[in-house]
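Along the sequence shown, residues carry numbers from 1.
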Amino acid sequence: MDRMFAVLGSLSAFVAVAAGAFGAHALKQRLSADMLAIFETAARYQMYHAMALLAAAWAESRWPGFAIQLSGLAFIAGTALFSGSLYLLSFSGLRWLGAITPLGGLAFLLGWLSLAWGIWRQGS
């Protein structure tokens with residue numbers, strides 16, 4: 001699992017950097033200021049949680065266990081739901097996609113709590 005989390009975290013960081021550059025250069029003239037801000041939020045949170053996934057990979061290699069694995073899976077799900085829904089919203093303008101975003105936020109919160117719990121429990 002640690003290798004999968006490390007690979008996916010690295011690839012997610014790559015996509016986040018590419019999305020940030022794409023947003024700053026190619027989308028600046030194509031999206032409204034509101035939609036561009038939404039796109040930038042998606043890229044920023046994707047990068048944060050790519051780093052979190054790398055942290056989960058490291059923690060899994062040091063303190064393997066269910067809670068650490070759950071954290072990595074939650075970060076993956078959170079990125080897909082949170083950033084994915086915001087990317088789609090920024091391009092489509094379909095406001096109902098914003099209803100999916102909080103589910104991604106909940107997955108991020110679960111990931112952080114699981115990571116903390118897994119490290120605390122295994123580190124003792």
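A search for ring-ring contact (aromatic ring centres under 6.0 Å, His included) contacts involving Phe39 returns Tyr87, Phe91, not counting sequence neighbours.
For the atom pair CH2 of Trp63 and CD1 of Ile119, the computed distance is 5.0 Å after rounding to the nearest 0.5 Å. The structure places CD of Gln69 at 11.0 Å from OG of Ser114, a figure rounded to the nearest 0.5 Å. Within the model, atoms CG of Leu115 and CZ of Phe75 stand 5.5 Å from one another, a figure rounded to the nearest 0.5 Å. Separation of atoms CZ (Arg30) and CG (Leu36) is listed at 12.5 Å; rounding is to 0.5 Å. Considering CG of Leu86 and CD1 of Ile100, their distance stands at 10.0 Å, rounded to 0.5 Å. Atoms NZ and CD, from Lys28 and Glu40 in turn, are 8.5 Å apart once rounded to the nearest 0.5 Å.
Contact record, Ala16 with Ala43: CB-O, 3.8 Å, taken as the closest heavy-atom pair. The shortest non-hydrogen separation linking Gly72 to Leu53 is O-CD1, 3.5 Å.
In the hydrophobic clustering (ILVMFWY side chains linked at under 4.5 Å, chained through shared members), Leu70 is joined by Phe66, Leu110. Under the 4.5 angstrom side-chain criterion for Ile, Leu, Val, Met, Phe, Trp and Tyr, the cluster partners of Leu54 are Val17, Met47, Met51.
Not one N or O on the side chain of Ser12 forms a donor-acceptor pair closer than 3.5 Å with the backbone of Leu8. Put simply, the side chain of Ser83 never gets that close to the backbone of Ala80: no donor and acceptor are under 3.5 Å apart.
In this structure, Leu11 and Val7 have side chains that are in contact, with non-hydrogen atoms separated by less than 4.5 Å.
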Chi angles and distances behind the side-chain contact (heavy atoms from CB on, under 4.5 Å) call for Leu73, Met1
CA-CA 10 Å; Leu73 294 172; Met1 243 352 181; 4.2 Å; yes
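Checked against a 6.0 Å centroid threshold, the rings of Trp117 and Trp112 do not count as neighbours.
Ring-plane geometry between Tyr45 and His49 is classed as parallel, the angle between the planes falling under 30 degrees on a 0 to 90 degree scale with a further cut at 60.
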